[in-house]
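Structure first, then comments.
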Amino acid sequence: MSQSEQARPAGAAIPDKTYEPQRFEPAWAQWWIDNGIFDIPAGGEMFSLVIPPPNVTGSLHMGHMLEHTEIDVTIRWHRMLGHATLWLPGTDHAGIATQMVVERELAKEGQTRHDLGRDAFEQRVWQWKEQSGGTIKKQMVRLGASCDWSRERFTLDPGLSRAVREVFVRLYEKGLIYRGAYMVNWCPRCHTALSDLEVDRTETDGHLWHIRYPIVGSDQFLTVATTRPETMLGDTAVAINAADERYLHLHGGNVLLPVMNREIPIICDDLADPEFGTGVVKVTPAHDPNDFEAGRRHNLPQIRVIDNDAKMTAETGRFAGLDRYEARKQVLEALEAGGYLEKTEEYRLSAGACQRCKTTVEPLVSTQWFARMKPLAEPAIAAVADGRIRFIPENWTKTYNEWMYNIRDWCVSRQLWWGHRIPAWHCADCGGVTVSREDPSACQACGSAAIAQDTDVLDTWFSSGLWPFSTLGWPDQTPDLARFYPTSLLITGFDILFFWVARMVMLGMECMGDVPFRQVYIHGLVRDADKQKMSKTKGNVIDPLVVTEKYGTDAVRMTLLQGAAPGTDIVLTEERMAAARAFANKIWNAARFLMMNMETSGVEPWIPEGPIGKPEGDAMEDRWIFSRFHRTAESMNRAIANFRYHEAAQLAWGFVWHEFCDWYVELKKLRFSAGSGLNADWRNILALFEGSLRLLHPVMPFLTEELWQRLAVNSPGRPRSIAQARFPQPDPQGIDEAAEKDMDLLQEIVTAARNLRAELKIDPKDQLSATLYSEGRALTVAREQSAAIARFAGLDLALRPGHAPTMAGAMRATPDFELVLAVSDTQLAALKQRLEKEIAQLEKTITNSERQLGDEKFIGRAPDHIVAGMREKLGEYRAQVDKSRQVLAGLA
RNA sequence: GGGCGCGUAGCUCAGUUGGUUAGAGCGCCUGCUUCACACGCAGGAGGUCACAGGUUCGAGUCCUGUCGCGCCCACCA
């Protein structure tokens, strides 16, 4: 017997009194894996999904847990439908993010990556990766993720790196990757270029400075407005609009750049908007994307005035070496001193910040590698347009299209050390570039051996863009690739729709000639009780490990799913988790109760073989619960298929608690008897309970496995795990409308009686006589269920056809029946007394309220809400006293 | 500047193509240690479905507008 076999609970033992998920969840998590429960069968309908690989930057947060729970529900459901189901797990090296984390670690030791050198630093990051990747795997296992760990992948695995290299070379050969000096977003802290997506726009308060540029050969000047005066040092023109008659005569002339004392031309360009500011704009081709374009249109020189550290370059003369913000100050002082500063306005401006380190990015011209996107976007647009890929919720299609239609080239090179090294070699002799699948030994162009590999690495999303096929063995034609690509479904967050989803579609179409997935379900964000996004900096994160330890994994999963309505965010609170734990506890105790009764009845743990159809025998409660079971199964299958997880969770919850436990088990209590053995009652109960566990299994895998194993212990033909059992499918044969109607009547009779008793404040222990009048089916139901009515409603019921002779006080009327309680003299007296006392007290309160509300001083001085509140209360007292008087009158 | 979404019970949210009396969980009130469960049982209060129009036999659900809130995209100094 293996260690994990031993870790299983002891057979059929009746569950302990308290539900303590911590005692069995970790054991089952490990047992599933050790026993190959998630192994994929050789044949059958295929269902595949690749995980959105978490970054190896640390551990998993609630967003991951939500995502993994949704994935796991879908995966377990498909597995239980008998499909060959693959959930491929893995992690992303997350270039810039991980490098930053490790650099921070180094900083604590007073070191930089440069102190270590590239190789040693990479080793260091690998160490970190091993640790973080291990933590992530451990967490996923603990959360019950039913993935196939034998297929676990990492974006820097040799196989995946080969795929990256293959794609890079292919795209390069097709002219879809090029290298050149263009305007990029540069992070002066991370020291790397960034793609547009990696720049967050944030609005800040700033200024708009109006600067006078003297016109050469005149005593006039042109006033330009800028938010970044320090860049003027690199101006190589000023622009006016060709349609702007105010300045048109100046076209072709020059202005003298203040401070720098350089003559620069006045050009006509649409860059200048006559409506904005003065209608004249300075042109700094080296430091602004628009100016860069304008500069190319007019062949303007680019003067680099800010370097990679965001310090001023030698080009700026006396400002050289200054930080960009210090330079701004000093440039402004110089302008002021020279009388060039016309005015300063308050201005709201948006600046780009590095997504990772929040440093303000510097737009500058830099030689980088770019991927041409338009040709890749076209097939990606078509794939969605013609329905080969479907977004759920559908409106994400629009967002996707919007981005695809306006796509711009993608800067794929990063000046980092952690990532896939760009497979390009530069020749020291001829300057030629050799891009190759195999490491070259000589320059392709001139044959020189003096070549060195490009020092840049690729954007981390380049490799994750290949994830759906690189993980399956591509570029080799592996059996997995043939079997599982295209994948069936992707479940991910909208925050990486462009970063990842869009790129997977483009690269999948390009490399595989087919879509990477057929459906994309976009889930919401996990928020805290104040609807705030969870973030480490805000300190409002709920740690999955902490709450799963506290409430149990099943309860947290249930809570997440209950909130997971498509298109909405998930508000996660501890109250909800506590409620979900109560639900788990309820099931636990139902199982405990059943097993205790099985013992006294002499019933061995047992689960039926084959699907659930109709009940044995013709007891109403059996026919009813089977019917409700099939309807629930039908709805749940549909809900999960349509990603309506909240609905699936609610259906399971409502059925198990409010139908199975509240009514069915209560009704069955009337039929338990010692030594009865495995009779029809038990076979029906156990079939339904076991079926309910299967319904619930995708949502609450641990609890259901734990209880199922206890029930299934002596059933030889069973699967090893409930995870391998079939998910319940509705059987029309089991639908019984007559039983449902009868049950409705029984519930109405019982509820009416309970309601009356509560209203008349009759002691729950008092058994009452009552008469039920009806012209229909209610009499039959009441006769057949008289034992249940006696127990649930405390009524000894007499049955009469027709209607009640008088409208007595203790009566409840429905369209189907009238129920009249016989209240005995002593009860009546007690009731009268209680009512009279209540009325007297109420009248006293009412008198006091009326006196106070009649006092003008009080009305005048007391705050309005107090007065209003008191008036409202008075109304309530009056209504209550009226009701009590009526009841009293009815009883008299 | 474009695009998307939200505003339903005290709180957090469901309510898929418009259809009989708008639901859940929590919270609140009342009563119950009923032999599985007080992480429980039973009963109850609480909603002009943001506002104003419109379409319809019928609107929380569709249309228009207003107000409030959030998110995404965008090269205007």
Side-chain angles (χ1 to χ4, degrees), chain A residues 14-15 17-19 183 196-197 201 208-210 224-228 231 238-239 270-273 275-284 288-294 347 349-350 363 393 395-396 398-399 401-403 406 408 494-495 497-498 524-525 527 529-531 533 551-552 555 559 562-576 578-597 638-639 642 644 646-647 649-650 653-654 658 661-662 665-666 669 750-751 753-759 761-765 791-794 876:
Chain A
I14 294 170
K17 187 170 163 62
T18 48
Y19 165 67
M183 181 64 58
D196 297 332
L197 288 174
R201 293 272 154 193
L208 191 59
W209 287 280
H210 294 244
V224 303
T226 181
T227 54
R228 299 198 60 195
T231 63
V238 294
D270 284 342
L271 180 67
D273 175 2
E275 306 293 315
F276 187 91
T278 57
V280 186
V281 61
K282 63 195 261 323
V283 184
T284 321
D288 181 277
N290 294 315
D291 296 8
F292 177 78
E293 294 301 326
Y347 195 72
L349 57 96
S350 70
N395 52 296
W396 289 107
K398 199 163 181 177
T399 309
N401 282 334
E402 201 67 30
W403 189 75
N406 299 307
R408 294 159 59 197
F494 57 81
D495 50 330
L497 184 63
F498 308 140
L525 237 51
R527 296 176 181 275
D530 301 318
K531 297 174 86 172
K533 211 162 157 175
Y551 299 99
T559 308
Q562 281 179 307
T568 63
D569 288 342
I570 287 91
V571 175
L572 192 65
T573 63
E574 294 224 11
E575 287 75 26
R576 276 177 171 266
R581 184 185 52 188
F583 174 66
N585 180 63
K586 183 75 185 176
I587 299 164
W588 181 264
N589 275 287
R592 185 162 166 263
F593 175 70
L594 291 180
M595 294 192 79
M596 286 165 74
N597 277 283
R638 198 179 43 230
N642 293 310
R644 304 184 66 78
H646 68 300
E647 225 168 75
Q650 199 184 326
W653 182 300
H658 301 304
C661 290
D662 286 354
V665 172
E666 291 301 322
K669 280 180 178 175
V750 169
T751 306
R754 283 169 171 170
N755 176 282
L756 262 178
R757 296 181 60 120
E759 209 165 88
K761 304 196 172 179
I762 292 165
D763 191 315
K765 285 194 276 293
R791 185 183 172 113
F792 299 165
E876 284 170 21

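Lettering of chains follows the sequences in order, A, B, ..., and the numbering in each one begins at 1.
As rounded to the nearest Å, B/rU33 and B/rA50 have C1' atoms that lie 47 Å from one another. To the nearest whole angstrom, the two P atoms, one in B/rA14 and one in B/rC76, are 34 Å apart. Using atom P as the reference point in both B/rU48 and B/rG3, the two lie 34 Å apart (nearest Å). B/rA42 and B/rU34 have their C1' atoms separated by 11 Å, with the value rounded to a whole Å. The gap from the C1' atom of B/rU30 to that of B/rC51 amounts to 38 Å, rounded to the nearest Å. The P atoms of B/rG10 and B/rA45 are separated by 15 Å, rounded to the nearest whole Å. For the P atoms, the distance linking B/rG58 with B/rG70 amounts to 38 Å, nearest Å.
B/rG65 is paired with B/rC51 under the criterion used here, namely a Watson-Crick or G-U wobble arrangement in which both key atom distances are under 3.5 Å. Look at B/rG70: its Watson-Crick or wobble partner, with both distances under 3.5 angstrom, is B/rC4. Pairing partner, B/rG31: B/rC41, with both Watson-Crick or wobble hydrogen-bond distances short of 3.5 Å.
Nucleic acid contact class of A/R592 (heavy atoms, under 4.0 Å, all strands): sugar-phosphate only. A/D495 comes within 4.0 angstrom of no nucleic acid atom, judged by non-hydrogen atoms across all strands. The residue A/L271 sits close to a base: some heavy atom pair falls under 4.0 Å. Using a 4.0 Å heavy-atom cutoff across all strands shown, A/G279 reaches at least one base atom of the nucleic acid. In this structure, A/T573 reaches neither bases nor backbone, as no heavy-atom distance under 4.0 Å exists between it and the strands shown. Nucleic acid contact for A/A272: base, since at least one base atom lies under 4.0 Å from a heavy atom of the residue. A/A758 comes within 4.0 angstrom of sugar-phosphate atoms only, judged by non-hydrogen atoms across all strands, and of no base. Using a 4.0 Å heavy-atom cutoff across all strands shown, A/T18 reaches no nucleic acid atom at all. A/H210 comes within contact range of no nucleotide atom at all, as no heavy-atom separation falls under 4.0 Å. A/Y551 comes within 4.0 angstrom of nothing in the nucleic acid, heavy atoms only. Within the 4.0 angstrom heavy-atom criterion, base atoms lie near A/R581. A/K765 comes within contact range of the sugar-phosphate backbone alone, with a heavy-atom separation under 4.0 Å but no base atom that close. The residue A/F583 sits apart from the nucleic acid: no heavy atom pair falls under 4.0 Å.
At whole-Å resolution of the value, CZ in A/R228 and C1' in B/rC76 are 15 Å apart. A/K398 places its NZ atom 10 Å from the C1' atom of B/rG2, with the value rounded to the nearest Å. Look at CZ on A/R408: it is 7 Å from P on B/rA74, rounded to the nearest Å.
Residue A/I762 holds its CD1 atom at 6.0 Å from CZ of A/R757, rounded to the nearest 0.5 Å.
Residue A/K282 is tested with A/V224, A/L271, A/D288 for a side chain to side chain contact (heavy atoms under 4.5 Å, CB included); the sole match is A/V224.
Classified by interplanar angle (parallel below 30°, tilted 30° to 60°, perpendicular above 60°), the ring pair A/F583/A/W653 is parallel.
The base of B/rC76 sits within donor-acceptor range of the side chain of A/D273, with an N or O pair under 3.5 Å. Side-chain atoms of A/E666 and base atoms of B/rA36 include a donor and an acceptor less than 3.5 Å apart.
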